[in-house]
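Here is the structure we will look at.
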Amino acid sequence: MRSKSGTNQFVASCFLIAAGRHRDNFSEAMSKVRVRVAPSPTGDPHVGTAYQALFNYVFARQHEGQFMLRIEDTDRARSTPQSEQAILSSLRWLGLQWDEGPDVGGPYGPYRQSERTPIYLEHARRLLEAGHAYRCFCTKERLERMRAENRDKKLFPGYDRHCRSISPDESARRAASGEPFVLRMKIPVSGECVMQDLLRGEIRKDWESIDDQILLKSDGFPTYHLANVVDDHLMEITHVIRGEEWISSLPKHLQLYEYFGWEPPVFCHLPLLRNNDPARSKLSKRKNPTSINYYRRAGFLPEALVNFLGLIGGSRAEGDEKFTLDELIRTFRLEDVSLGGPVFDLQKLRWLNGRYVRENYDTSRLRRALEEWALGPEMLERVIPLAQPRLETLSDWGYLTAFFFADAVPFDPAKLELKGKTREDLVTVLQLAVWRLEQAREFSAQGIENIFNDLARKFELKLRDMTRPFYIAITGSEASTPLFQSMAILGSDLVRMRLRRALEALGGISSKKLKEMEKLFESFYGPLA
RNA sequence: GUCCCCAUCGUCUAGUCGGCCUAGGACACCGCGCUUUCAAUGCGGUAACACGGGUUCGAAUCCCGUUGGGGACGCCA
């Protein structure tokens with residue numbers, strides 16, 4: 001249970017201006033509020049990112065501070081420019097415009113971590129020379145073995161500091177001889193780390209339970225921990241408002257601030273969005289649409305989505321649950337955010353969205369919104385060539401193309417079948433297709449066709465037999481416009497959502513079955529990122 | 001498993017330093033009204049302080065424990 005008085009005291013010391021007091025003394029300091037959202041461009045733009053961005057944005061606006069966007073693309077294997085683009089455009093769609101970022105620039109750039117490598121190397125060097133970090137030459141195999149053993153013995157599974165005792169001379173010699181290494185930070189071996197969280201007050205954690213974090217990977221790129229601390233300091237971030245999942249690595253971050261001799265920012269860890277399942281686990285794409293693009297393509301309005309995200313944070317504008325961003329900026333109180341992780345409740349989002357549609361749009365404005373969504377010339381000109389050969393009258397258009405302009409489509413589950421195969425087989429084919437489609441960087445008809453051809457070959461199916469259930473799931477019908485082109489027009493998010501619904505209609509997937517399918521997938525295509 | 005975080009209706013929450021709470025609102029659900037249908041809308045209803053100990057004249061509100069849930073334990077972020 002959060003200690004209200006303790007928290008309030010702490011909050012008071014940080015936010016006197018927010019309460020409108022002591023303006024004379026502190027307005028100068030408070031005008032320097034600088035916050036950031038720091039997404040990793042490794043996939044679809046996530047609603048969790050929007051959630052974090054929203055709170056940072058609102059907090060910055062309240063204090064007349066700066067809100068910046070920093071791209072954390074230090075994972076070279078998984079970061080893609082497409083993903084970065086998608087994140088930028090989806091946050092912009094939501095109206096959460098940043099003051100500094102990779103696209104708009106700013107005085108603290110570059111804002112893309114992959115362009116800041118020399119900065120991290122320099123800071124890593126400083127830690128190494130000061131004896132706060134050391135080279136680790138352990139192989140992946142050794143680490144895996146060690147972790148597995150310790151886990152079996154129910155011991156702390158962290159790194160055993162095998163290389164911490166190597167002398168600086170030997171370390172330098174081995175590095176010079178070309179032996180691969182990573183850089184690890186020295187974590188205190190005893191004592192307690194005392195942290196302050198804006199929402200929770202004091203948090204304590206034994207240093208014993210924390211291992212020597214890798215700061216520099218063997219590819220020479222920093223890990224999140226190093227890059228994030230260095231950047232937050234150099235970019236003069238005053239408040240780190242981020243997800244709860246980071247609490248457990250806060251000690252590492254604080255220790256880095258200390259090693260560098262820097263003043264740490266105020267930390268505020270927000271609860272994670274949850275799935276709408278009995279377990280209420282962290283919002284995941286397996287169980288929920290998590291991509292902002294899904295909501296956009298499914299016909300949600302950006303102002304409704306933003307309103308909804310603000311609403312479930314539990315810090316809402318006074319009165320009505322429907323409020324604008326400006327109203328949220330006026331009444332929001334960061335320190336009042338609810339600590340229980342909110343379930344992302346689609347039903348309530350739909351209701352709220354409906355209110356915006358009914359209350360904020362007149363006929364012509366709604367017509368424009370529909371055009372912008374999917375009824376514009378660009379979209380229609382993509383659909384028309386597919387429909388034309390199948391039209392006898394113009395009015396055939398309605399039923400033939402309805403699935404392009406829908407979120408979910410109704411279908412008969414009994415028709416979901418794979419010729420000569422079991423239901424289990426069909427589930428496997430659908431799930432592997434979902435995974436392959438997720439990996440596709442460009443969702444083009446040709447790319448989709450390649451994926452399907454390949455899957456058909458792997459499963460020894462005729463393409464036309466394999467695609468049949470996909471027609472049902474995606475278009476709701478056995479007879480429709482061509483599958484791959486239709487999928488490309490529908491877009492990755494709607495396609496995957498419909499396939500997920502089909503999987504549910506087939507009875508869902510047990511975790512055992514899921515494991516089997518992962519194995520099969522990896523035997524075909526390698527690691528499932 | 002270990003550590004950390006969290007805990008009010010099915011869901012989102014109100015509950016501002018303990019009394020005005022026989023716990024309020026919203027979504028969802030159910031019923032009734034309005035209506036050519038549906039939706040919208042109006043009215044009404046079902047529904048929660050996880051459990052056990054304290055502290056106190058008095059606890060949803062403070063403390064401890066239990067249980068439950070989540071997160072972390074990566075050369076991912």
Side-chain angles (χ1 to χ4, degrees), chain A residues 1-9 38-43 46 48-49 71-79 113 136 138-140 143-144 147 150-159 180-184 193 195 197 199-200 203-211 213-225 227-228 242-252 269 271-276 278-283 308 310-316 318-322 333 335-336 338-352 354-355 357-359 529:
Chain A
M1 176 58 70
R2 148 165 49 144
S3 156
K4 277 278 185 207
S5 57
T7 303
N8 286 346
Q9 224 172 17
S40 175
T42 53
H46 199 279
T49 303
I71 295 293
E72 309 237 332
D73 57 350
T74 54
D75 184 341
R76 289 193 311 167
R78 291 198 290 164
S79 297
Q113 290 187 328
C136 170
C138 290
T139 60
K140 273 192 173 136
L143 293 174
E144 262 166 44
R147 269 196 280 266
N150 284 346
R151 228 181 262 265
D152 286 348
K153 285 189 258 177
K154 300 196 196 301
L155 293 171
F156 176 59
Y159 179 56
F181 64 88
V182 299
L183 192 75
R184 287 183 186 270
C193 176
M195 308 165 258
D197 178 87
L199 293 174
R200 293 153 232 267
I203 301 173
R204 292 165 171 272
K205 194 166 164 60
D206 289 331
W207 283 114
E208 262 181 357
S209 67
I210 302 165
D211 71 350
Q213 178 60 47
I214 290 180
L215 299 176
L216 232 42
K217 305 179 243 185
S218 53
D219 65 4
F221 276 71
T223 55
Y224 171 85
H225 306 281
N228 152 69
R242 78 230 292 193
E244 198 177 19
E245 73 236 74
W246 294 110
I247 291 180
S248 51
S249 40
L250 182 54
K252 296 167 181 175
H269 293 90
L272 266 16
L273 264 22
R274 308 289 183 89
N275 287 313
N276 193 193
R280 297 161 56 89
S281 49
K282 174 163 86 166
L283 191 68
F308 177 70
L311 184 64
I312 62 178
S315 55
R316 60 195 206 304
E318 284 164 18
D320 200 349
E321 294 189 308
K322 176 170 170 247
R333 293 165 56 86
E335 62 271 32
D336 285 348
S338 290
L339 255 21
V343 167
F344 195 92
D345 183 0
L346 252 330
Q347 277 187 317
K348 191 145 186 178
L349 208 210
R350 290 181 68 88
W351 164 80
L352 195 57
R355 282 195 60 185
V357 170
R358 292 191 298 274
E359 297 170 14

Pairing check on [N]: which nucleotide meets the Watson-Crick or G-U wobble criteria with it, both distances under 3.5 Å?
{"N": "B:rC9", "value": "none"}
{"N": "B:rA60", "value": "none"}
{"N": "B:rC20", "value": "none"}
{"N": "B:rC51", "value": "B:rG65"}
{"N": "B:rC73", "value": "B:rG1"}
{"N": "B:rC43", "value": "B:rG31"}

Starting from [atom2] on [N], measure out to [atom1] on [X] and report it in whole angstrom.
{"X": "A:L250", "N": "B:rC3", "atom1": "CG", "atom2": "C1'", "value": "14 Å"}
{"X": "A:L339", "N": "B:rC4", "atom1": "CG", "atom2": "P", "value": "16 Å"}
{"X": "A:L273", "N": "B:rU11", "atom1": "CG", "atom2": "C1'", "value": "13 Å"}
{"X": "A:N276", "N": "B:rA28", "atom1": "CG", "atom2": "P", "value": "14 Å"}
{"X": "A:R200", "N": "B:rC6", "atom1": "CZ", "atom2": "C1'", "value": "8 Å"}
{"X": "A:L346", "N": "B:rA28", "atom1": "CG", "atom2": "P", "value": "13 Å"}
{"X": "A:D73", "N": "B:rA77", "atom1": "CG", "atom2": "C1'", "value": "11 Å"}
{"X": "A:E321", "N": "B:rA26", "atom1": "CD", "atom2": "C1'", "value": "4 Å"}

Considering only atom [atom1], compute the distance from [N] to [M] and round it to an integer number of Å.
{"N": "B:rA14", "M": "B:rC6", "atom1": "P", "answer": "15 Å"}
{"N": "B:rG45", "M": "B:rC3", "atom1": "P", "answer": "49 Å"}
{"N": "B:rG15", "M": "B:rC73", "atom1": "C1'", "answer": "37 Å"}
{"N": "B:rG31", "M": "B:rA40", "atom1": "P", "answer": "15 Å"}
{"N": "B:rU16", "M": "B:rG54", "atom1": "P", "answer": "25 Å"}
{"N": "B:rC20", "M": "B:rU2", "atom1": "C1'", "answer": "47 Å"}
{"N": "B:rC38", "M": "B:rC29", "atom1": "P", "answer": "15 Å"}
{"N": "B:rG65", "M": "B:rG24", "atom1": "C1'", "answer": "31 Å"}

Side-chain heavy-atom pair [X], [Y] within 4.5 angstrom cut-off:
{"X": "A:K322", "Y": "A:L352", "result": "yes"}
{"X": "A:K252", "Y": "A:D211", "result": "yes"}
{"X": "A:I312", "Y": "A:D345", "result": "no"}

Less than 3.5 Å between a donor and an acceptor, one on the side chain of A:K348 and one on the base of B:rA28, is that the case here?
no

Taking only residues two or more places apart in sequence or in another chain, which ones pass salt bridge (charged side-chain N to carboxylate O under 4.0 Å, His left out) with A:R355?
A:D320, A:E359

Would you name the heavy atoms of [X] and [Y] that are closest together and state the gap between them?
{"X": "A:N275", "Y": "A:K282", "result": "ND2-O, 3.0 Å"}
{"X": "A:P222", "Y": "A:K217", "result": "O-CE, 3.2 Å"}
{"X": "A:Q113", "Y": "A:A227", "result": "NE2-CB, 3.4 Å"}
{"X": "A:R274", "Y": "A:L283", "result": "O-CD1, 3.5 Å"}
{"X": "A:R200", "Y": "A:D197", "result": "N-OD2, 2.9 Å"}

Along nucleotides 33-39 of chain B, 5' to 3', which nucleotides get a B, which get an S, and which get a -, given that the test is a protein heavy-atom distance under 4.0 Å?
-------

How does protein reach along nucleotides 68-76 of chain B, written 5' to 3' as B (base within reach of a heavy atom under 4.0 Å), S (only sugar-phosphate), or - (no contact)?
-SSSSBSBB

Need to verify one output field. Residue with the more 5' nearest nucleotide on RNA chain B, A:Q347 or A:I247?
A:I247

Please tell me if A:S338 has a side-chain N or O lying less than 4.0 Å from either OP1 or OP2 of B:rA14.
yes

Please indicate whether A:E245 has more than 12 foreign heavy atoms, meaning atoms of other residues, nucleotides or ligands, lying under 6.0 Å from its CD.
yes

Ring-plane angle category for A:Y224 and A:W246, please: parallel below 30°, perpendicular beyond 60°, tilted otherwise.
parallel

